[in-house]
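Below you'll find the structure, written out as structure tokens, and then a few comments.
Every chain is numbered from 1 and lettered A, B, ... according to where its sequence line falls, protein lines coming before strand lines.
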Amino acid sequence: MEGEAYVRDTEQGERSLLPELDSEGAIDAVISIDHVTKRFGEFVAVDDANFHISRGEFFSMLGPSGCGKTTTLRMIAGFEQPSSGEIRLDGKDVSRVPPYKRHVNTVFQQYALFPHMNVWDNVAFGLRATKVSKPEIVRRVTELLAVVHLADFATRRPGQLSGGQQQRVALARALVNYPSALLLDEPLGALDLKLRQAMQLELKRIQREVGITFVFVTHDQEEALTMSDRIAVMNEGRVVQIGTPQEIYEEPTSEFVAGFIGMANLLAARCEGSDGEFRIARIGDQAVKVASNGLAIGDEVTLMVRPERAHLRTSAPPMDLAGVSAEVVDLVFQGPIVRFDLRSPDGTPLVAHVGPGSDLPLLRPGDQVWMCWEPSAGRLLPRSTQGFPRPDVLEY
Amino acid sequence: MIQRDDQGRKRARAAPWLLLGPGMLFLFLFFFFPLYTLLEMSLSASPSRFASPVFTWEWANYSEALTQYGEQFSRSFLYATLATLAALAIAYPLAYVIAFRGGRYKNVLLGMVIVPFFTNFLIRTLAWKTIVGDQGMVVDMLRTVGILGEHESLLRRPIAVIGGLTYNFLPFMVLPIYVSLEKIDTRLVDAARDLYSTTWRAFRKIVFPLSLPGVFAGSLLVFIPAAGDFVNAYYLGSTKTTMIGNVVQNQFLVQVDYPVAAALSFVFMAIVMVIVAVYSKLLGTEDIA
Amino acid sequence: MTDRQAMIRTEALRLARMAGTPRWSRRQFLGRSAALLGVAAVGPAILAACGSDESSGGSGKSVTVSNWVDYMAPKSPKAFTDGTGIELKYKEDINDNNEYFAKVKPNLSKGESIGTDAFVLTDWMANRMINQVKWVQQLDDAKFPNKANMRVTLQKPPFDPTRAYSAPWQSGLTGIAYNIKETGKEIRTLDEFLAIEGSTTVLAEMRDTVGIFMLATGADPSVPTHADSLPAFDKLQKAIDDGSIGGTNGNEYVNDLASGNLAAAFAWSGDVAQISRDNADVRFMIPESGGMLWSDNLMIPSTSEKPGLASEFINFFYDPVNAAVLTNYIQYIAPVDGVEDELIKMGGSAAKLVDDPLVVPTAELLANVKIFGGLDEEEEVQFDEHFANITGTG
């Protein structure tokens, strides 16, 4: 109820769950990261990041530790200043503006709740620093505590709360200020798996309720996929791909993204020719059809197939399917699926998730099979210079 | 079966007491027993000057302690309070800089705070005497600018004694404050700044309250020994700056009046306990996690 | 003195210099407050521990002596053992009369041994030991033939009229030391001392300070009564109240005088003898109304089982030859006749000491000093309390 009032108050207006895919041209950008680079001495933490975050969007920055996502977030919050480039909040350059003058708020890793204050005082902290009237403070704190379901805990100290409750206090403490954007730095990292999943849903609910832009930093690809409207995947200081979870998952543009988001079978291939809307790729001595994506004929490429898109056959696939021969290495029953670990003739490890619908004979390690997929399920990626990421290593 | 259960329960009940045992024994031997001896002494009287005092419920010792030495008592607590405040004013910024700006030199800087403690207390006091002595730079400067007259000194004045107390006990203030500041998660400061607080407000609302346990511990560690100190008053002060420690020392060594010395010690202890109780009530540090 | 002892002593001297003390003497070593602190007592404890290293065993005859720090010539203990065949355990464990009294009180009051056969304490404490608490025994005159060499002026102190219980180890004078640079003129009387504009102190030892004030107010400190001393106390009180006297001083006045922290102070002759040699501005004088003469006296605790050996010890140092060695090193006033001749025989810097009135006082000087007389218990309490009151601890 309070939450609804909140949405009305802030007059967020209409918003689309899936904002403009083209981030460059996004209208109504709350945050613009304009060719921002951050160096610490010789080390380049963020390398020419350039993107926009739209109003009301749930935007995630995803990547392994040290990829620059937290530094980017800290620059948005104002704790770090860009070495070059510009950060704009609501259209204004804030690159040199201290944190306390920026209308964004942060939910910190481990929450950073003030241990000597009770929940109420924690939540009211930001409002008391600004010129908000007392009755307004009471109204807003009450409202936010209701939004995070902590109305009965106002007089508790953070030390007396569970991890999930502390998490919600941290959220309320930031949101009570009605910021232009809420920055979340791995906010769920400290929670155990079950609580984390519950909090993911809770966060989504709250974001829907308050309608504020969330900028969410995580190294957990599943979390990012579950919650985000858009994801920026970062690696070694660079933004390697930005898109909706679906785009990122289904149409990765690099081996890194393919391997980092979900599991991927990556096969060394060579782009040989075209067949209508498909490209022909050669893997070893086999030619397979793959959806075209503009790579030039003759390029050394990598072919990606998601394990759940692959199925197994004991005989060579028909013409309309793509496939490679492989040997069963191991198989693991995982409930909804059976996971097959395979090896191609050139030794590349492969994985196939086989659902209950398939009518396979009983397979054992050492059996020869074919791993097949619809040509549209395969993606051609430029060959990385760093060699293949192994799926079992990259699996998160 | 039932019996064994009972034994188990008995053992379980005895366990905490057994665990407490060594600590209790220590406390008894080295705290309660001496305290009792002191109490007994404070209520004794000597039949003649050098005879061993005999326990006689001699309350007169307390009336003497309470009535005759008011001046030295109040001076002790006044000097100790001023020394504590001075130490706090110096130690807090020092500890703050070491904790938050010390970087990799933290340990070196802390070492420098502690190094003077490697020398004898007395030597430090005498070193302080050199600093505020008539031939020292400080007096020279004060005389040049006319704050002190040509024949005026800092020595043998209250300020020399208070300065000596501050100087001698400063590390006791720096270290606890440093520890409590060091413990503060700097993300709390980030959080406060994120929540529209200037650095100053973040300090007032977050850093300072969280460092109060250190301030509390440091103040007590400075105040209590400073109030009971007699070396600084003896070497740096005059007959007009004597503290209660000097009185106890005189009663004990020169006048050989152990009962009055004991009564004075008890009164001193009682006053300190009241002050500490009031102080901890005011600071309310038990609330801070 | 063993090498190790010498090393520790050198180190201790270095520390003392760091603290601003140019040289220790028996009285100016860390004062009573330091001793009470315990920490400072570490120095003498180490020295004492090393002292016992000298025990070489053999004859089976051994004697233990407690004395003040730096009150012995380095070669004398060995000379004593070589000359008498008695092994000597020499402990430098006395820093302060009151502190030493508090230390031995628990044992001696119960008649238990304190692990020493002789100790050296100042006149008034000797009085307490001999006449009040009676924790000492007579010297064995048969083993102390050199007693005949004792200076006449020291033979009949009021507290021990026949010197049956005590023998002076060294003597000294209490007078006024001043830095002529600070005072600008010579000081001759107590009133001139009180009129000095710069900082001044009196001694924290009641008898030294009150004695000089008694002499200045016409009272005789050699037969002191509290009633007679009232004018002296009043004069002292007034001087402290109006700021003529800055405070009391234990033993650091030497450095303060030399450095100019003090313009003048009540002082002990031995200390000044040492610094005035380095700093000609520091002078010592006995006020025209008179100064005090004091001695530190060797006594044998009643619990010692070796009064004979202890008597042989003091007898050795009453031989003028041995006494001169001591005087040459520590530069206090020797209680032994004939020391002057021996010093002249030694020649060099030792011979020059004969001309130093602080080491070999002239008859004229000696005529103007008094020994503070014995006080009975009641009188002593009155004196101590009155003095404590005036000096802020009562």
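Proximity to chain B (any heavy atom under 4.5 Å) is shown, for C:Asn389, by neither the backbone nor the side chain. Interface remark: C:Glu378 contributes no atoms to any contact with chain B (heavy atom separation under 4.5 Å). Contact of C:Gln132 with chain B is made through the side chain alone, with heavy-atom distances under 4.5 Å. Looking at B:Gln135, the atoms closer than 4.5 Å to chain C (heavy atoms on both sides) sit in the backbone and in the side chain alike. Neither the backbone nor the side chain of B:Ala233 has a heavy atom closer than 4.5 Å to any heavy atom of chain C. No part of C:Phe387 comes within reach of chain B, as not one of its non-hydrogen atoms sits under 4.5 angstrom from that chain. For chain B, no part of C:Lys110 is nearby; none of its heavy atoms comes within less than 4.5 Å. Contact annotation for B:Val256: only side-chain heavy atoms (C-beta onward) come within less than 4.5 Å of a heavy atom of chain C.
Taking 4.0 Å as the cut-off between side-chain N and carboxylate O, B:Arg49 and C:Asp384 count as a salt-bridged pair.
Counting heavy-atom neighbours within 6.0 Å of B:Ile159 CD1, excluding the residue itself, gives a total of 12 or less. Atom CZ of B:Phe117 has more than 12 neighbouring heavy atoms from other residues, nucleotides or ligands inside a 6.0 Å radius.
Closest non-hydrogen pair, B:Val247 versus C:Gly392, comes out as CG2-O, 4.4 Å. Between B:Phe50 and C:Glu380, the shortest heavy-atom contact is CZ-OE1, 3.7 Å. Considering all non-hydrogen atoms of both residues, B:Thr242 and C:Thr391 come closest at CG2-O, 3.7 Å. In terms of heavy-atom proximity, C:Ala388 sits nearest to B:Gln255 at CB-NE2, 3.2 Å. Scanning all heavy atoms of the two residues, the minimum distance from B:Val254 to C:Arg128 falls at O-NH2, 4.1 Å. For the pair B:Tyr234 and C:Asn249, the tightest heavy-atom approach, listed with the atom from each and the gap, is OH-C, 4.5 Å.
C:Ile390 places none of its side-chain heavy atoms less than 4.5 Å from the side chain of B:Thr239. B:Gln249 is not listed as a side-chain neighbour of C:Thr393, based on a closest heavy-atom distance of 4.5 Å or more.
Taken to the nearest 0.5 Å, the CD atom of B:Glu152 stands 10.0 Å off from the OG atom of C:Ser199.
Of all the listed residues (B:Arg124, B:Gln68, B:Arg75, B:Arg156), the one sharing the greatest number of non-hydrogen pairs under 4.5 Å with chain C is B:Arg156. Per-residue heavy-atom pair counts under 4.5 Å with chain C were compared for B:Glu71, B:Lys129, B:Gln251, and the maximum is reached by B:Lys129.
A donor-acceptor contact shorter than 3.5 Å links the side chain of B:Lys240 to the backbone of C:Ile240.
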